[in-house]
Protein chains: 2
Amino acid sequence: MHSGQKQELASLTGRLRRESRKITGPRAAILEILRHHPHPLTNKEIFAELPKGGGDLATIYRAMQLLEKLGMVKRFDFGDGTARFELVGEGDDGHHHHLICTRCAGVVEIAECFPEEIERRIARTNGYAGVTHRLEFFGICPDCQQ
Amino acid sequence: MHSGQKQELASLTGRLRRESRKITGPRAAILEILRHHPHPLTNKEIFAELPKGGGDLATIYRAMQLLEKLGMVKRFDFGDGTARFELVGEGDDGHHHHLICTRCAGVVEIAECFPEEIERRIARTNGYAGVTHRLEFFGICPDCQQ
DNA sequence: GCATCAATTGCAAATCATTCGCAACTGAAT
DNA sequence: ATTCAGTTGCGAATGATTTGCAATTGATGC
């Protein structure tokens with residue numbers, strides 16, 4: 001998540017419970033991992049962080065799908081064909097963007113967002129409702145510039 | 001392409017020739033199809049437009065890779081795990097965005113772009129070089145709103 | 001505590017988009 | 001017409017993601 005301090009695990013499990021979902025070993029472990037990582041993680045990366053025998057890759061895929069549906073994680077697409085996920089703070093919608101190094105894949109979180117009034121104009125002009133956007137920046141980070 | 005009138009096929013084949021690439025049946029057919037479609041097409045869609053026996057899907061994948069490298073087509077990512085391509089006008093870099101209906105997948109081309117000065121500031125603030133962005137809008141089109 | 005049952009997991013097989021190896025083929029230049 | 005690098009068609013390999021299914025396991029009520 002990007003909004004600041006780590007969420008309590010209790011707050012996370014509470015959200016699951018409210019949906020009559022089970023707090024299982026794999027899910028708790030996944031949430032723990034996400035809670036400790038400030039950057040978007042791929043399912044494989046989460047899998048690698050899991051203690052051996054701590055869960056199956058398919059379980060992670062299913063967990064992320066559920067967590068995304070519940071709005072607890074946000075899916076990001078860096079254009080490399082692999083989904084990445086970040087924990088979303090309660091009350092937050094997790095909307096933000098990233099600046100990704102095309103050499104080392106380093107990620108920086110970006111506060112700036114596409115101007116709302118322009119988005120509204122785009123929506124109005126074309127008659128579209130509920131318009132949102134997906135935006136990511138790419139470049140070469142300081143280290144990779146040599 | 002988005003910049004206006006259709007390009008002459010001759011101009012396209014000329015660009016290939018300049019790179020000592022062959023103007024083969026499949027490639028000519030693909031360029032013809034792209035020339036007649038104002039919207040981003042998936043490789044499968046291109047394949048479907050091809051006359052039966054007019055080419056293999058793998059050939060299309062290879063052709064799009066080549067055309068992208070030569071800057072003749074631009075790849076777009078609508079976040080559904082399938083690449084889409086649009087012809088790029090000569091002298092143009094093809095940079096533009098889309099507004100995609102999440103119900104019917106209808107696509108509208110958007111002229112607006114992320115403000116350059118903000119992008120520059122993002123690049124400078126983080127020390128990144130050669131910063132670009134990927135931006136697409138999503139919403140529900142007039143027809144799909146009922 | 002313990003039974004109960006839906007939710008969940010592990011594992012393997014199935015999908016999907018995309019890439020690759022390779023022998024056969026074909027433009028383009030001579 | 002000859003020649004050869006660039007291409008194609010196939011089928012097999014990848015890689016990410018999904019799914020079927022039987023076995024397990026939280027959460028709830030007693």
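Note that the coordinates shown come from a computational prediction; the quantities given were computed from them, not determined experimentally. Chain naming here is simple, since letters A, B, ... match the order of the sequence lines and numbering starts at 1 in each.
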With the threshold set at 4.0 Å, does a side-chain nitrogen-carboxylate oxygen contact exist between B/Glu90 and B/Arg18?
yes
Any N/O pairs under 3.5 Å between the protein and nucleotides 16-18 of chain D? List them or say none.
unit_1 : atom_1 : unit_2  : atom_2 : d
D/dA16 : OP1    : A/Lys44 : NZ     : 3.4
D/dA16 : OP2    : A/Lys44 : NZ     : 2.3
D/dA16 : O3'    : A/Gly81 : O      : 3.3
D/dT17 : OP1    : A/Ala83 : N      : 2.9
D/dT17 : OP2    : A/Tyr61 : OH     : 2.6
D/dT17 : O5'    : A/Tyr61 : OH     : 3.4
D/dT18 : OP1    : A/Gln65 : NE2    : 3.0
D/dT18 : OP2    : A/Gln65 : NE2    : 3.2

Under a 4.0 Å heavy-atom cut-off, which of residues 23-33 of chain A touch DNA chain C?
A/Thr24, A/Pro26, A/Arg27
Let me check something: any side-chain donor-acceptor pairs from residues 124-131 of chain B under 3.5 Å, sequence neighbours excluded? List them with distances.
unit_1   : atom_1 : unit_2   : atom_2 : d
B/Thr125 : OG1    : B/Arg121 : O      : 2.7
B/Asn126 : ND2    : B/Ile122 : O      : 2.8

Show, in sequence, the C-alpha distance, side-chain angles and deciding distance for B/Glu116 and B/Arg120, and conclude whether the salt bridge (Lys or Arg N to Asp or Glu O under 4.0 Å) test is met.
CA-CA 6 Å; B/Glu116 262 190 58; B/Arg120 268 197 297 275; 3.1 Å; yes
Whole Å only: how far is the [atom1] atom of [X] from the [atom2] atom of [N]?
X: A/Asp56; N: D/dT19; atom1: CG; atom2: P; result: 15 Å
X: B/Leu66; N: D/dT7; atom1: CG; atom2: P; result: 6 Å
X: A/Lys22; N: D/dA23; atom1: NZ; atom2: C1'; result: 13 Å

Taking the ring centre of each residue, are B/His96 and B/Phe76 less than 6.0 Å apart?
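Between B/Phe76 and B/His96, which both carry aromatic rings, the centre distance is below 6.0 Å.
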For DNA chain C, what is the dot-bracket line, given that a base pair needs Watson-Crick (N1 to N3, plus N6-O4 or O6-N4) or G-U wobble (N1-O2 and O6-N3) geometry with both distances under 3.5 Å, and | means paired with another strand?
|||||||||||||.|||.||||||||||||
Side-chain donor or acceptor of B/Arg134 paired with backbone N/O of A/Leu135 under 3.5 Å:
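Checking the backbone N and O of A/Leu135 against the side chain of B/Arg134, no donor-acceptor pair under 3.5 Å is found.
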Using only atom types and a distance under 3.5 Å, with no angle test, would you say the side chain of B/Glu45 pairs donor to acceptor with the backbone of B/Thr42?
yes
Only pairs under 3.5 Å count here: list side-chain donor-acceptor contacts from residues 59-72 of chain A, not counting sequence neighbours, and write none if there are none.
unit_1  : atom_1 : unit_2  : atom_2 : d
A/Glu68 : OE1    : A/Arg75 : NE     : 3.2
A/Glu68 : OE1    : A/Arg75 : NH2    : 3.0
A/Glu68 : OE2    : A/Arg75 : NE     : 3.2

Quick one: which of C/dA28, C/dA7, C/dG10 gets closest to the side chain of A/Arg21?
C/dA7
Any side-chain hydrogen bond (donor to acceptor under 3.5 Å, both in side chains) involving residues 135-146 of chain A? Give me the pairs, sequence neighbours left out, ordered by first then second residue.
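As it turns out, the side-chain hydrogen bond (donor to acceptor under 3.5 Å, both in side chains) pairs with a partner in residues 135-146 of chain A, which skip direct neighbours, are A/His98-A/Glu136.
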Side-chain heavy atoms under 4.5 angstrom apart, residues restricted to Ile, Leu, Val, Met, Phe, Trp, Tyr: same cluster for A/Val107 and A/Leu34?
no
